[in-house]
Amino acid sequence: KEEIQARTITEDGRLFLQKAAQDGLETVWDRYQAQQPQCGFCELGLSCRNCSMGPCRIDPFGEGPQRGVCGADADIIVARNLGRMIAAGAASHSDHGRDLVEVLRKVGEGKAPGYGIQSEEKLRKLASELGVAQDGKSAEALAVAVAEALEEEFGTRKKALAFVGRVPEKRRKVWEKLGITPRGIDRETSEMMHRTHMGVDNDWKSLLLHGLRNALSDGWGGSLIATEVSDILFGVPKPVASEVNLRVLKEDQVNIVVHGHNPIVSEMIFQAAQDPELLQLAEEKGAQGINLAGLCCTGNELLMRRGIPIAGNHLMTELALSTGLVDMMLVDYQCIMPALGEAARCYHTRMVSTSDKARYPFMEHREFRPENARQLARDLVQEAVESYTRRIPAKVLSPPGDAVKMMAGFSVEAIVSALGGSAGPLIDAIKSGAIQGAVGVVGCNNPKIRHDYGHVTLTTRLIQNDVLVVDTGCAAVAHAKAGLKVPEAAEKAGPGLQQVCRALGIPPVLHMGSCVDNVRIFDLAAALAHALGTDISDLPLAAAAPEWYSEKAVSIACYAVASGVYTVLGTPPPIFGSPNIVKLLTEDLDDLLGASFAVEPDPTKAADLILERIRAKRAALGL
Ligand code: SF4
Ligand code: WCC
Ligand code: FE2
């Protein structure tokens, strides 16, 4: 019992941790425990297996070896390891972006039945930004041309990514001076893999600078493309009401859960789940309907655009299965624990993987391509209906109570329109001090941190102090479960923020989307900086990832700091084996970039660090 309390702050999490234990289901927390103690060298970033003369380890106490076989010291090894984490994270977001570009092209060529252009406005806006001639082109022809221009962003032929144009000029100068302006998306990742090969870049500072450039190729490249093209294909999110937690799974309906990241699959499933014929079939099988729910970021994508409820965040994915109510779970890629397929064998759940590049044990592989997606989605929804009839009553536990109400859909466009058409009122509120500043609280869950505790504690403290919170990813789901994403949550905010929220009818914590949608936060920050004729780093802004686990989060944190936003991490990154690197990242970067990292596992203290930073930025602006 105590152990369960210590694992999560969520009620549904606790209940289903018990249920999972009853069912003999092993969870991420159990496996985390079995891994204790985890390797101290690796925790400090001091182990290397980049070549076959190794693996090597540096003794942090100074007694054992201080160099790997090749001669790399602690600084080089920590920097190389961090660089490869950034590369993996940037690659993940950017490859996701590339998949969307592929669909955009196929839509233009008429080879992607079921997909279409939902926001021609955004397509045209992107075209002019990319310098693609529009001269009377149809939306379809333009889609092909824009897709081609975006493909170029991935390559090696440019001096700077096109979207660097969105960055305030002062920031661009900072990047130029440091030589970290991102060029090609794939180029920066590929170059990182090259630099970290044995015997290439052995200057930890130059490695870290390239790490920033690599991360910028994600934030102002791959992730941004993923977000923009998703908006073109599936629509720009607008405020929408929905619900969250395991109670969104319905005992009397066919429950289909989508998990992963890319809306390419989930949007097709969304369409199929509304097919009258399939609804009829569900009824024939005794179900009251077809209930679609999300997990993690593909859940966030559907939530933002379609109001589809979300069952939980990263650490809830196994527990969702333990309800015994999931008739089918469809996954694409990223953050899908390889344990899920086997976990599902405890129940009747059909587990289906959908992407050629992401396969999992004990899952059936049904590959989605732009050409076959509509038909395949229909087939799978039909199979989910069949699966409903095979539920195992003894294994079912229906979550009691009600789901928590929430609002999502706060794209930059939606925020600006809520403000009455320009960012002016937000700037005024910041100037008057009604809003002290804004913070992006983002990122994952991690069994090293009590589930959702980091997010909810930090965010509650921030809004109490009149700091507007915007969020994405699993942090956003945590906040929603805690009831922070309804307009009534304004009462939990300080007096100034409360007043602003009430006037606009918005929650004090605004859901801006999935993890790739962190770029929306930086778009907004850049717009504010433009409006004030200043740099992003001058604004009273910060970011936090209280429970991060993923390499993608490392890339996000690095592009945040490189873009000028102070960033506090809850889980310590593997850098503490190099005091030089810790000093650079947590202190010296401030002089170079006007922003730095902090590491603070206690979310209350993290909030205080952020509040202090916001006060200092306000003071410097004379506010
Ligand atoms: Fe060891 Fe150097 Fe090879 Fe790393 S690159 S495994 S430190 S020899
Ligand atoms: Ni994005 Fe982190 Fe969730 Fe995965 S889904 S767990 S990267 S925040
Ligand atoms: Fe190790």
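Quick caveat: nothing in here was measured; it's all calculated off a predicted structure. For the single chain, residues carry numbers from 1 onward in sequence order. Order of appearance sets the numbers: ligands from 1, and atoms from 1 within every ligand.
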Please state whether the separation between atom 3 (Fe) of ligand 1 and some N/O/S atom of Cys48 is under 2.8 Å? no
Of all the atoms in ligand 2, which lie at a distance below 4.0 Å from a heavy atom belonging to Cys296? 5 (S)
For Gly443, take its heavy atoms, then give the atoms of ligand 2 lying under 4.0 Å from any of them. 8 (S)
Is the side chain of Thr349 donor-acceptor paired with the backbone N or O of Val326 at a distance under 3.5 Å, no angle test? yes
Within a strict 4.5 Å, meaning less than it, do heavy atoms of the Asn81 and Leu46 side chains meet? no
Against ligand 1, does Arg80 come closer than 4.0 Å with any heavy atom? yes
Run the numbers for me: atoms of ligand 1, each under 4.0 Å from some heavy atom of Gly54, listed by number. 1 (Fe), 6 (S)
Under 6.0 Å from the NZ atom of Lys605, do we count more than 12 heavy atoms belonging to anything else shown? no
Nearest to atom 3 (Fe) of ligand 1, what protein heavy atom do you find, and at what distance? Cys51 SG, 2.3 Å
Can you tell me which residue among Val519, Val442, Asp523, Val412 is in a side chain to side chain contact (heavy atoms under 4.5 Å, CB included) with Met512? Val412
Proximal ligand 2 atoms for Tyr549, defined as those under 4.0 Å from one of its heavy atoms: 6 (S)
Give the atom numbers and elements of ligand 2 that come within less than 4.0 Å of a heavy atom of Cys474. 3 (Fe), 5 (S), 6 (S), 8 (S)
Give the single entry among His261, Lys552, Glu547, His93 that approaches atom 5 (S) of ligand 2 most closely by any heavy atom. His261
Where the side chain of Asp471 meets the backbone of Val441, is there a donor-acceptor pair that is under 3.5 Å apart? no
Which atoms of ligand 1 have any heavy atom of Cys56 under 4.0 Å away? 1 (Fe), 6 (S), 7 (S), 8 (S)
For ligand 2, is Trp548 a contact, meaning one of its heavy atoms is under 4.0 Å away? no
In ligand 2, which numbered atoms sit nearer than 4.0 Å to a non-hydrogen atom of Cys444? 2 (Fe), 6 (S), 7 (S), 8 (S)
Quick check on the 6.0 Å ring-centre criterion: do Tyr559 and Phe522 meet it? yes
Could you pull out, from Gly473, Cys335, Ser550, the option with a heavy atom nearest to atom 4 (Fe) of ligand 2? Cys335
Main-chain N/O of Leu325 paired with Asn255 side-chain donor or acceptor, under 3.5 Å: yes
Tell me, which protein residue and heavy-atom name are nearest atom 8 (S) of ligand 1, and how many Å apart are they? Cys70 N, 3.2 Å
Within the stated cut-off of 2.8 Å, is an N/O/S atom of Cys515 closer than that to atom 1 (Ni) of ligand 2? yes
Return yes when atom CZ of Arg359 has more than 12 non-hydrogen atoms of other residues, nucleotides or ligands closer than 6.0 Å, and no otherwise. yes
Heavy-atom donor-acceptor pair, Arg80 side chain to Asp201 backbone, under 3.5 Å: no
Centroid-to-centroid, Tyr549 to His314, below 6.0 Å? yes
